[in-house]
Each structure stands twice: as C-alpha cells, then as structure tokens.
Amino acid sequence: TARVRRLVHLLMPLQRATVKQIAQSMGVSVRKLQLALSGEQTEFTVLLDEARQKQARQYLANPRFDITQVASLLGYAEPNSFTRWFTIRFGESPTAWRRRTLAAAC
C-alpha cells in the first residue's frame, strides 16, 4: 500500500496514476495488485482518491497555483472534471474552498 501511494503521488502530475500504470511500474499484473491491496483492506481507487484529496488541499492553499494547474497536477485532463470531483468530495467548488480557506488564514 505504501509503495502504491508513493507511485500515485509521483504519477498523478503526469496524468499516469492509473491502476494499469502502477501495476506495470511495480512489475505485477493489475489483478495481482488488486488482490494485494484487497489483502490490505483497500482498493486502488480509494488510495488514488485519498491522495487527490490531500494534494488538492495543499495545492489550493497555495494561491500561486490556478485551478487549471491544480487539476492537471491531480491528473485531470479537464478542469471541469476536477471541479466536479472536488465539489462532490468537499461540498463546495475549488474556488469557494480556496477563498474561504485563505480568508480564514488571514
């Protein structure tokens, strides 16, 4: 699980954090990777989502990154896809989250 997490963080900005790519990087089949993660009571999609949530908060807390850059760094080809995902996870748009978080930091 720890190795998968590291690879997800490395491959996300390259838009290559897929179960297929991670399995290939580890030299195992997708099925073997899924079974190993299942044995550790998790799934690839859960690890990817956790990594995205953590990184999204960090990137959005830094005003130097615009929303398009954040979306790309999290592996999204389209900012709209990122915005939909973020709104589902955090209950508000990335722009609203950033505005609220930066205002609270002042």
Side-chain angles (χ1 to χ4, degrees):
T1 302
R3 187 169 175 206
V4 172
R5 280 189 175 108
R6 282 192 302 276
L7 287 168
V8 165
H9 281 282
L10 289 171
L11 296 175
M12 246 190 321
L14 304 173
Q15 297 182 356
R16 295 179 65 195
T18 64
V19 68
K20 183 178 178 180
Q21 185 65 48
I22 300 289
Q24 185 178 357
S25 296
M26 295 177 73
V28 299
S29 69
V30 169
R31 182 72 181 135
K32 187 171 182 174
L33 175 59
Q34 290 170 329
L35 286 171
L37 291 173
S38 178
E40 295 186 31
Q41 318 294 274
T42 193
E43 299 175 5
F44 177 78
T45 55
V46 170
L47 298 177
L48 178 60
D49 195 64
E50 288 171 354
R52 281 182 167 157
Q53 287 184 47
K54 179 181 176 184
Q55 290 300 115
R57 287 189 297 264
Q58 290 178 351
Y59 291 137
L60 289 172
N62 184 341
R64 290 188 221 172
F65 294 112
D66 64 34
I67 302 300
T68 301
Q69 288 173 305
V70 173
S72 180
L73 288 167
L74 296 177
Y76 287 96
E78 296 294 326
N80 290 341
S81 298
F82 164 64
T83 298
R84 276 191 302 277
W85 169 84
F86 189 93
T87 302
I88 290 166
R89 292 297 179 274
F90 293 92
E92 60 188 332
S93 71
T95 303
W97 186 94
R98 173 179 270 172
R99 192 176 317 124
R100 182 181 50 76
T101 302
L102 294 178
C106 292

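Just so it is clear, the structure is predicted and the values come from calculations on it, not from any experiment.
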Check: Which value, rounded to the nearest 0.5 Å, describes the distance between Arg6 atom CZ and Ile22 atom CD1?
Finding: 11.0 Å

Note to self: What's the separation between atom CG in Leu7 and atom OG1 in Thr18, rounded to the nearest 0.5 Å?
What the structure shows: 11.0 Å

Margin query: Applying the side-chain contact (heavy atoms from CB on, under 4.5 Å) criterion to Val28, which one of Lys32, Arg31, Gln24 satisfies it?
Written below: Lys32

Note to self: If the condition is side-chain hydrogen bond (donor to acceptor under 3.5 Å, both in side chains), which residues does Glu40 pass it with, not counting sequence neighbours?
What the structure shows: Thr1

Checklist line | Those residues that, when tested against Gln53, pass side-chain hydrogen bond (donor to acceptor under 3.5 Å, both in side chains) (two or more places apart) | finding: Asp49

Notebook entry, point to check: Can you name the ring-ring contact (aromatic ring centres under 6.0 Å, His included) partners of Tyr59, sequence neighbours left out?
Noted result: Phe65

Item checked: By side-chain hydrogen bond (donor to acceptor under 3.5 Å, both in side chains) - contacts of Ser38 (at least two apart) -> none

Item checked: Of all pairs that satisfy side chain to side chain donor-acceptor pair (under 3.5 Å), the ones with a partner from residues 64-75, not counting sequence neighbours -> none

Note to self: Once side chain to side chain donor-acceptor pair (under 3.5 Å) is applied, what residue pairs with a partner in residues 93-106 remain, sequence neighbours excluded?
What the structure shows: Glu92-Arg100

Note to self: Looking at Gln58, I'd like to know if its CD atom is crowded, meaning that more than 12 non-hydrogen atoms belonging to other residues, nucleotides or ligands lie closer than 6.0 Å.
What the structure shows: yes

Item checked: Non-hydrogen side-chain atoms of Leu74 and Phe86 separated by less than 4.5 Å -> no

Next item on the list: Could you list the residues that satisfy side chain to side chain contact (heavy atoms under 4.5 Å, CB included) with Val30, not counting sequence neighbours?
Entry: Val19, Lys20, Ala23, Gln34

Item checked: With Glu50 via salt bridge (charged side-chain N to carboxylate O under 4.0 Å, His left out) - residues at least two apart -> Arg5

Check: Excluding sequence neighbours, so at least two apart, what forms side-chain hydrogen bond (donor to acceptor under 3.5 Å, both in side chains) with Arg16?
Finding: Gln21

Note to self: When you compare the side chain of Phe82 with that of Arg52, does any pair of heavy atoms fall below 4.5 Å?
What the structure shows: no

Next item on the list: Indicate if Met26 and Met12 have the same hydrophobic cluster label, given that clusters are the connected sets of ILVMFWY residues with side-chain heavy-atom separations under 4.5 angstrom.
Entry: yes

Notebook entry, point to check: Is there a side-chain contact between Leu102 and Pro63, using heavy atoms and a 4.5 Å cut-off?
Noted result: yes

Check: What's the shortest heavy-atom distance between Arg3 and Ser25, and which atoms?
Finding: NH2-O, 3.9 Å

Checklist line | same_hphob_cluster(Leu35, Val8) at 4.5 Å side-chain heavy-atom cutoff | finding: no

Notebook entry, point to check: Taking only residues two or more places apart in sequence, or in another chain, which ones meet Arg57 in a salt bridge (charged side-chain N to carboxylate O under 4.0 Å, His left out)?
Noted result: none

Item checked: Qualifying ring pair (Phe, Tyr, Trp, His ring centres under 6.0 Å) pairs, either residue in residues 29-57, two or more places apart -> none

